[in-house]
Amino acid sequence: MMMRMNNKLPAYDPAKIEKKWQKKWAASKLYRSEETAGKKKAYILDMFPYPSGEGLHVGHPKGYIATDIVSRMRRMQGLNVLHPMGFDAFGLPAENYALKMKTNPMIGVAKNVERFKEQLEILGFDYDWSREINTTDPEYYKWTQWIFLRLFKKGLAYESYEPINWCPSCKTGLANEDVEGSRCERCGTPVEKKPMRQWVLKITDYADKLLRDLDAKGPDSKPLIEWPESIKELQRNWIGRSEGALLTFKVKGGGRAIDVFTTRPDTLFGVTYMVVAPEHKLVKELLPSVENKKEVESYIAKAAIATEIERTDMTKDKTGVELRGVKAVNPANNEEVPVWIADYVLADYGTGAVMAVPAHDDRDYAFAKKFGLAIREVIAGGDINKTAYIEDGRLVNSGKFDGKDSQAVMKEITGFAHGKWVTKYKLRDWVFSRQRYWGEPIPIIHCEKCGAVPVPEEDLPVKLPKVKYYEPTGTGESPLAAIDKWVNVKCPKCGGKGKRETNTMPQWAGSSWYYLRYEDPKNDKALVDLEKEKYWSPVDLYVGGAEHATRHLIYARFWHKFLYDIGAVSTIEPFTRLQSVGLIMGEDGRKMSKRFGNIVNPDDIVKTYGADTMRLYEMFMGPFDQQISWNTSSMVGARRFIERVWKLREKAAEVGASDRIIHKTVKKVTEDIENLRFNTAISALMIALNELDKGKSIARKDFESYLKLLAPFAPHVAEELWISLGNKKSIHVSEWPKFDPAMVKDSNASIVVQINGRVRGSFESERGKGKEWLENTAKTLPEAKKWLEGKKIKRIVVVPDKLVNVVTES
Ligand code: ANZ
Ligand code: ZN
């Protein structure tokens, strides 16, 4: 007779147990992380939220639940876990919300952070809140400013007056990364090009490293970056490396020249005209001597208001104007060709000018056809009367290069034309100043005598002053410019009259290094202590939205590499493994948004079903990285599953043999969590529950193992049941169950039966059956008997658990 555990539990009621455990875990500091020499670490990180006033909807925590599961398992596996959380509270989203609500962002943000924390707390996450950071805390942004100063001192932060993207609605300049389809990523307003003074970070100095290290390997020859290939590819394209030739075409008369960047110098003899971007500074210089000045000027004005998308759209009708009277000279054959301006050539890529080869480039072909320009074939193989031939091939009409292969001749022609072989990137330097209030002040003082002078490091942080009026001015100055008392200071260098820089940093500044601060959040001597940094870095698993592929993830890699170069960190890449979260859409299949009225609030779901149910539901919805629609009515499935586990507790008996299913489930759930396959892990737990529930009782040890597997997913109910079994310490610091490899093998083997090497049948047998038994079973198998009738057996080959081959005499 099995002994039942005698204490019966009341009905499952999450409201009774969840709050209780959250308080106990917090009081006992269960999730505090300390660096412990010699103990293996796991740094598991979420992309931290910006605390908007709208609070969290059920889609936001999906990634947080995932990292919570992984970090809980890692802790139970004996690793030293760092799983922190904080707030990215500077920037446009927080400020625009504050403007809408007419509350000062300084007050509004603090309120929102409170609300976010409450919402996170009710879901039972294992964050170490003692390491919480907030990018708007002066003790934090002191170090953001410090990084800026170091960049400045290395010549990687500079002032520029180039035209930049300007959002007329947000009234601020934007970086290329903040523009989506020629619109402001924040508010959707089409951006304009506006020349203005701005601070720019020289991210292009790191273009090569940013690209190369996507595929770098560590000393153990493991990749430094284990990211989804799709995200790596987005970064590669954003960086956009091209190799090609820099060639110079002299302008006839006047001593000027047009430089072009081309990836196809092999087509140099096919150049029939040149095109310069309308904004190119050469156009202004040539203007006095062009014959059709009026026409050219009006075209330049029109191009200035067209968006980049419109300009480079292949399907759009090409426009352009010839600079009449201007001729350029082809360096290969001294031929004179006309020069045009056209908006399909971008001012800020390459040199802002192209040599046009209509026979072998689609855009040039369309342009030449429209304006009746000459088309000269220089690569054989196509039919240039119909279309441009863009493939490689044998050269024709190319002087002494005729007959040569186009690929082989690239560098030779470059040299022949006195050109240079160069590498170009699409990546642009990072426009780093915003004409807005709510950001880190840029720690620079402008002095009439000394120019831009860095604020001495010991004077950091330069605190953002409290202001009455924080609305953007639209003048190209931030609202800070109106605060005379703050602006007017002494020059730190000469003591003369100085003015503070009044532009602020972009939203992406604070998030470019925050993961380092969690490693040592209270340090006032350094942004992170090197010993601590060495212990925790790099981040082992980073989970967040794929939309950050070309913005946050490039900026953070850039700053990290810079910090590595100045000896402030020890690794060359910040994030080893990256996983993107598939969005949770509204029940109507649209993006969850106030606008569509399809927001589901996690507080309501937790109130009705409990946090454990919501956690299980979100992880069971589908593969983690896939987008999926919310469905509140499916919540009952997850809730019922928990209730069945709750009931199974009554069957737990002190003694009993270990069930095979437990070993199998341990293996499956462990591997699935490691690979972030949460939905199949939960389904394995459900299958196991069905099996375990079939019997009259379940061994206590088995039930405890089962609870441990459930604990990362449903931490409250697992804890409650675990403690109810008489355990004293929390299940979340108990040992993760191991499995016996012998017990996870399928108990049955499928044995193939061959007669003279040909498969004639098969049968199931228990594993480990003896040779004789297998031979006899094979011989008496009906399908085999048929072939053996009247034959004499020569020998029988047996491969245990796999195969029996009967060889007969012929
Ligand atoms: C002559 C040529 C002949 C070209 C040919 C292509 C094919 P990626 O790979 O993107 O670097 N180009 C250069 N600067 C440009 C600009 N500012 N705006 C628009 N187009 C520009 O492409 C480099 C090619 O894009 C260059 O090579 C140039 O056209 C064009 F059969 O030069 B090519
Ligand atoms: Zn905007």
Side-chain angles (χ1 to χ4, degrees), residues 162-163 176 193 204 207 211 236-249 258-283 303 306-314 316 318-320 328 330-332 337 339-369 373-382 384 387-398 401 405-407 409-411 413-414 417 419-428:
E162 293 294 301
N176 264 14
K193 287 269 177 201
T204 50
L211 184 71
R236 282 189 199 108
N237 291 337
W238 190 259
I239 297 164
R241 181 182 197 275
S242 295
E243 277 189 27
L246 203 59
L247 301 174
T248 301
F249 285 61
I258 304 174
D259 287 329
V260 298
F261 171 68
T262 175
T263 45
R264 294 294 304 273
D266 55 317
T267 63
L268 182 55
F269 287 84
V271 174
T272 54
Y273 63 102
M274 310 279 293
V275 189
V276 179
E279 303 87 342
H280 201 293
K281 69 175 193 313
L282 194 74
V283 178
T307 65
E308 192 157 312
I309 288 282
E310 286 161 6
R311 289 176 56 160
T312 50
D313 184 355
M314 264 308 294
K316 199 203 79 170
K318 296 269 172 301
T319 62
N330 187 328
V337 293
V339 178
W340 286 64
I341 57 170
D343 65 4
Y344 79 94
V345 172
L346 302 173
D348 62 357
Y349 182 61
T351 63
V354 304
M355 59 179 226
V357 186
H360 304 289
D361 179 84
D362 289 326
R363 283 168 305 182
D364 298 344
Y365 189 86
F367 193 83
K369 277 279 177 206
L373 294 156
I375 300 176
R376 185 192 302 153
E377 177 179 60
V378 288
I379 310 280
I384 61 156
T387 168
Y389 180 66
I390 60 173
E391 310 295 322
D392 289 318
R394 206 167 34 76
L395 264 61
V396 294
N397 300 323
S398 298
F401 298 98
D405 174 69
S406 58
Q407 269 300 328
V409 87
M410 294 268 184
K411 288 187 180 164
I413 292 195
T414 304
K420 255 199 325 212
W421 194 255
V422 295
T423 304
K424 290 270 176 202
Y425 297 92
K426 292 245 155 67
L427 186 68
R428 294 280 78 99

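Count residues from 1 along the sequence. Counting starts at 1 for both ligands and their atoms, in listed order.
Taking CG of Asn330 as the reference point, atom CG of Leu268 lies at 4.5 Å (rounded to 0.5 Å).
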Report every pair formed by an N or O atom of ligand 1 and a protein N or O atom separated by less than 3.5 Å, giving atom names and the distance to 0.1 Å.
{"from": "ligand 1", "atom 1": "9 (O)", "to": "Ser242", "atom 2": "OG", "distance (Å)": "3.3"}
{"from": "ligand 1", "atom 1": "10 (O)", "to": "Lys426", "atom 2": "NZ", "distance (Å)": "2.8"}
{"from": "ligand 1", "atom 1": "11 (O)", "to": "Ser242", "atom 2": "OG", "distance (Å)": "2.6"}
{"from": "ligand 1", "atom 1": "11 (O)", "to": "Tyr349", "atom 2": "OH", "distance (Å)": "2.5"}
{"from": "ligand 1", "atom 1": "17 (N)", "to": "Leu346", "atom 2": "O", "distance (Å)": "2.8"}
{"from": "ligand 1", "atom 1": "17 (N)", "to": "Tyr349", "atom 2": "O", "distance (Å)": "2.9"}
{"from": "ligand 1", "atom 1": "18 (N)", "to": "Leu346", "atom 2": "N", "distance (Å)": "3.0"}
{"from": "ligand 1", "atom 1": "27 (O)", "to": "Thr262", "atom 2": "OG1", "distance (Å)": "3.3"}
{"from": "ligand 1", "atom 1": "27 (O)", "to": "Thr263", "atom 2": "N", "distance (Å)": "3.1"}
{"from": "ligand 1", "atom 1": "27 (O)", "to": "Thr263", "atom 2": "OG1", "distance (Å)": "3.3"}
{"from": "ligand 1", "atom 1": "32 (O)", "to": "Thr262", "atom 2": "OG1", "distance (Å)": "2.7"}

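Taking a 6.0 Å sphere around CZ of Arg428, one finds it holds more than 12 heavy atoms contributed by other residues, nucleotides or ligands. Crowding of Ile390 atom CD1: a count of heavy atoms from other residues, nucleotides or ligands under 6.0 Å not exceeding 12.
What you find for Thr272 and Ala374 is that their closest heavy atoms are OG1-O, 2.8 Å.
Ring planes of Tyr344 and Phe367: tilted class, angle from 30 to 60°.
Using a 4.5 Å heavy-atom cutoff, the side chains of Phe249 and Val271 are in contact.
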